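Below: one structure, written as structure tokens.
Numbers restart at 1 for each chain; the letters A, B, ... are given by sequence-line order, proteins then strands. Since this is a predicted model, take the numbers as computed values, not measurements.
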Amino acid sequence: MPTDFEQRVYRAVQQVPRGRVTTYRLLAAHLRCGSPRAVGQALRRNPYAPRVPCHRVIAADLTPGGFRGETGGSTVKMKLSLLSSEGVRFSHGHLADPRCLYAFET
DNA sequence: CACCGATGTCCAA
DNA sequence: TTGGACATCGGTG
């Protein structure tokens, strides 16, 4: 069973509408935790596989992010594939349209 | 351009 | 209870 913090992260990710993406930084800021790494760890566990669209979460540089050291592996590829299916386009390894970024309100 | 530390949470011994 | 690790970010050299 996930912790309360993880539940918050998953809930925030589910708030991201289709065709839009967010960054660990924004998630952390919305969760008021100030540490994107904590959010990344929560997504890394991701016990709610398809229920939590972790592929809609990218790095603050608009890069796909993915595992630290496996950038270019299968995890990132899957993210790009799913995002591409949602209308989010990537270019040169970075988000092509920054307006696709979703900002949390309130 | 490259390297290092900071920050919050989770997992294991 | 303590130590180590993490799908990051920002600043400095």
Side-chain angles (χ1 to χ4, degrees):
Chain A
M1 182 142 187
T3 63
D4 187 63
F5 177 76
E6 289 184 351
Q7 299 242 5
R8 269 185 239 178
V9 176
Y10 303 140
R11 193 156 94 120
V13 175
Q14 286 180 55
Q15 284 178 52
V16 181
R18 175 187 165 281
R20 216 121 325 168
V21 289
T22 191
T23 70
Y24 295 100
R25 204 14 174 92
L26 290 173
L27 265 169
H30 179 67
L31 298 175
R32 194 94 201 157
C33 92
S35 280
R37 291 180 100 190
V39 179
Q41 257 192 354
L43 292 177
R44 173 217 194 190
R45 311 249 22 171
N46 201 354
Y48 292 86
R51 296 207 271 188
V52 179
C54 50
H55 58 266
R56 284 186 196 160
V57 187
I58 62 174
D61 303 283
L62 307 185
T63 37
F67 297 101
R68 192 65 170 167
E70 287 197 24
T71 317
S74 41
T75 323
V76 178
K77 276 188 174 179
M78 186 161 64
K79 275 168 90 168
L80 295 177
S81 205
L82 291 164
L83 289 171
S84 181
S85 272
E86 297 196 346
V88 183
R89 311 172 274 176
F90 273 80
S91 219
H92 298 288
H94 70 70
L95 189 65
D97 287 313
R99 45 179 150 182
C100 288
L101 270 175
Y102 174 80
F104 293 94
E105 308 172 38
T106 59

Exercise. To the nearest 0.5 Å, what is the distance between CZ (A/R44) and CD (A/E6)?
Worked result: 11.0 Å
So, for [X] and [Y], which heavy atoms are closest and what is the spacing to 0.1 Å?
X	Y	result
A/V76	A/G66	CG2-CA, 3.8 Å
A/C100	A/L95	CB-CD2, 4.3 Å
A/K79	A/P64	NZ-O, 2.8 Å
A/V13	A/C54	CG1-N, 4.4 Å
A/A96	A/P98	O-CD, 3.4 Å
A/R51	A/Q14	O-CG, 3.5 Å

Problem set entry | Among A/T63, A/L62, A/I58, side chain to side chain contact (heavy atoms under 4.5 Å, CB included) partner for A/F90 | A/I58
For this session: Please determine which of A/T23, A/V9, A/V16, A/T22 meets the side chain to side chain contact (heavy atoms under 4.5 Å, CB included) test together with A/V57.
Result: A/T22
Problem set entry | Bounds of contact between DNA chain C and chain A, in 5' to 3' order, using a heavy-atom cut-off under 4.0 Å | C/dA5 to C/dC9
For this session: Output all residues satisfying ring-ring contact (aromatic ring centres under 6.0 Å, His included) with A/Y48, sequence neighbours left out; order by chain, then residue number.
Result: A/Y10
For this session: Give one of base, sugar-phosphate or nothing for A/T71, where a contact means two heavy atoms less than 4.0 Å apart.
Result: nothing
For this session: Please find the earliest and latest nucleotides of DNA chain B, in the 5' to 3' direction, that have an atom within less than 4.0 Å of any heavy atom of chain A.
Result: B/dA6 to B/dC11
Exercise. Residues from residues 12-40 of chain A sitting under 4.0 Å of DNA chain C, heavy atoms only?
Worked result: A/Y24, A/R25, A/P36, A/R37, A/G40
Exercise. Shared ILVMFWY cluster between A/Y102 and A/V21, side chains joined below 4.5 angstrom?
Worked result: no
For this session: Select from A/R45 and A/R68 the residue whose nearest nucleotide in DNA chain B is closer to the 5' end of that strand.
Result: A/R68
Exercise. How does DNA chain C look in dot-bracket form if you count Watson-Crick and G-U pairs under 3.5 Å, write [ ] for pairs that cross, and put | where a base pairs with another strand?
Worked result: ||||||.||||||
Exercise. Is there a donor-acceptor pair under 3.5 Å between the side chain of A/R8 and the backbone N or O of A/L31?
Worked result: no
Problem set entry | By side chain to side chain donor-acceptor pair (under 3.5 Å) - contacts of A/R89 (at least two apart) | A/D97
